[in-house]
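Please find one structure pasted underneath; my questions will follow.
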Number of protein chains: 2
Amino acid sequence: MKTMIPIDPASTQAVTSLGREQPRDELSLHGETLARLRDYIVEGNIPDGGRIPERQLCEMFGISRTPLREALKVLASEGLVDLLPNRGARVRQLSEQDLRELFDVMGGLEALAGRLACENITDHEIADIERLHYEMYGYYLHRDMPGYFRVNQLIHQKIVEASRNATLLATYGSFAGRIRRIRYSANFARKRERWGEAMREHETILDALRRRAGDELSDILFRHLRQKRAAAVEHLSEGAAATGAPTSTSSTP
Amino acid sequence: MKTMIPIDPASTQAVTSLGREQPRDELSLHGETLARLRDYIVEGNIPDGGRIPERQLCEMFGISRTPLREALKVLASEGLVDLLPNRGARVRQLSEQDLRELFDVMGGLEALAGRLACENITDHEIADIERLHYEMYGYYLHRDMPGYFRVNQLIHQKIVEASRNATLLATYGSFAGRIRRIRYSANFARKRERWGEAMREHETILDALRRRAGDELSDILFRHLRQKRAAAVEHLSEGAAATGAPTSTSSTP
DNA sequence: ACCATCAATATTGCATTCAATTTTTGATTC
DNA sequence: GAATCAAAAATTGAATGCAATATTGATGGT
């Protein structure tokens, strides 16, 4: 057994600072832990449905269980983990249904963002997005999927930012995090045949944005996300078929 | 020194049943406390910007600080409370800007709900909503504001439920809770002159729903919420003017 | 061999304790 | 009498302790 010794302030400080490159004004261990644990999970360090080892993570982060458990409750409310009474926390496994729902909500949020962006976006911001659009087109022509994907995400992000709605931005970010795990978990890539279609959709997005046609952009963005949804669900079921992992949340013991 | 008041299971169960999001058989003190504290705050038992007395609430709920503090972190992530480092938790005071943002997000979620509802709603559900609509019209004719308001909320709830998207439903509920505080805090009532307009909007909502015109319903619902937004912001600024309370979040000490 | 049973062990949920702040109080000075 | 400041008290953030609950592993019966 370990002999717990009262820790003097100096050593506590040392433990806290381990692994931290930024001396940010993060005052609370809770906030720090929350961000670190969320990243840890979103980046896929724990497999889908995998148990979250409290004690181990405490040692890893150099903290006690209290702030870690607080972070777990928050992540559970965000939908990233499941909390099983007396049986610990597990990384939430998304079913196909979950994924469809999540993409539809993302679609709704982007549709809203597009609508609001048309009300608030500046010419300068549109020019920015146009630049990104042509950069993305370049990646498309060169068949550079990772580059395309990165800029694509950036364009959507810029539209949400142009909505001038911090609440929407935060909500969008939270949902994006829940979906992002999937991308890390495997080489999530749009089917080739859909790629050209997506590129054309982006043309119409840019066009509606230029004309500041809110209703129209709203519809286009929702449908665009529906296409992404189809690709994601397809990807998930293929991945499940390959590994034999269940895709439904119905856990009958 | 401490007079802990043990709570019998029956009473806690009763309080829990007020909760919306987690209708499961809550075993954990954390989940129980979360629901209770959320209701306590949403119902306006603590004034806007007011300090949340940890110790007092612990005694009130008959629990220790650990589960209460866990609940506070979750409520902070939901946007209901602010966590000030070393200075405790406070009920989040909504600025006019916050309120505008919240109503726009609600508008986006309802617009999405309307779109999805048109894909999934059954004839039976439409008939249900029609019935509610005419019931609401009755309240309108009798100038029964509370009755109107209650059924109005119910109609919107039914549309969100008809979307068949549990994620959307939960998110909608969470945002509704953040706004609901305002309603409790004062006699939030739509201006008379806008009442007729709102009633007409509901006619078009029902019409679009009957025709299952998703794009159209989506637009109508967003605009409908924009009207509500205007009323809410107006109400907030009037209330602020009356009490002399600040409406902005900029807290310069 | 296979499966049930039960003790040993580990983990969880919450309470309690402790150090570090912040807030309040009360004396003191101008 | 108002302003200032130090000591006391209260409050907060986090660590640790402990009972209750799961999980594991050994044992014995079929």
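Chain A is the first sequence line, chain B the second, and so forth, proteins listed ahead of strands; every chain is numbered from 1. The model shown is predicted, which means the values in this text are computed figures rather than measured ones.
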Original post:
Rounded to whole angstrom units, what separation is found between the CD atom of B:Glu59 and the C1' atom of D:dT11?
Top reply: 14 Å

**OP:** Nearest whole angstrom, please: distance from the P of C:dT11 to the CG of A:Leu68.
**Re:** 14 Å

Subject >> Sequence-distant partners of B:Arg226, side-chain hydrogen bond (donor to acceptor under 3.5 Å, both in side chains), two or more places apart >> reply: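 Applying side-chain hydrogen bond (donor to acceptor under 3.5 Å, both in side chains) to B:Arg226 gives A:Glu119, B:Asp104.
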
Original post:
Sequence neighbours excluded, which residues qualify as side chain to side chain contact (heavy atoms under 4.5 Å, CB included) partners of A:Arg150?
Top reply: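 For A:Arg150, the residues satisfying side chain to side chain contact (heavy atoms under 4.5 Å, CB included) (neighbours in sequence not counted) are A:Glu135, A:Tyr139.
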
**OP:** Please state how far atom CG in A:Leu72 lies from atom P in C:dT11, giving the value in whole angstrom units.
**Re:** 15 Å

Could you run down the sub-3.5 Å N/O contacts of the protein with nucleotides 12-14 of chain C?
residue, atom, partner, partner atom, Å
C:dG13, OP1, A:Asn86, N, 3.2
C:dG13, OP2, A:Arg69, NH1, 2.7
C:dG13, OP2, A:Arg69, NH2, 3.3
C:dG13, N7, A:Arg65, NH2, 2.9
C:dG13, O6, A:Arg65, NH1, 3.3
C:dC14, OP1, B:Leu29, N, 2.3

Original post:
With sequence neighbours excluded, what pairs up with A:Glu125 under the side-chain hydrogen bond (donor to acceptor under 3.5 Å, both in side chains) test?
Top reply: A:Thr122, A:Arg164

Original post:
Listed by chain and number, what are the side-chain hydrogen bond (donor to acceptor under 3.5 Å, both in side chains) partners of B:Arg90, not counting sequence neighbours?
Top reply: none

Subject >> By ring-ring contact (aromatic ring centres under 6.0 Å, His included) - contacts of A:His30 (at least two apart) >> reply: none

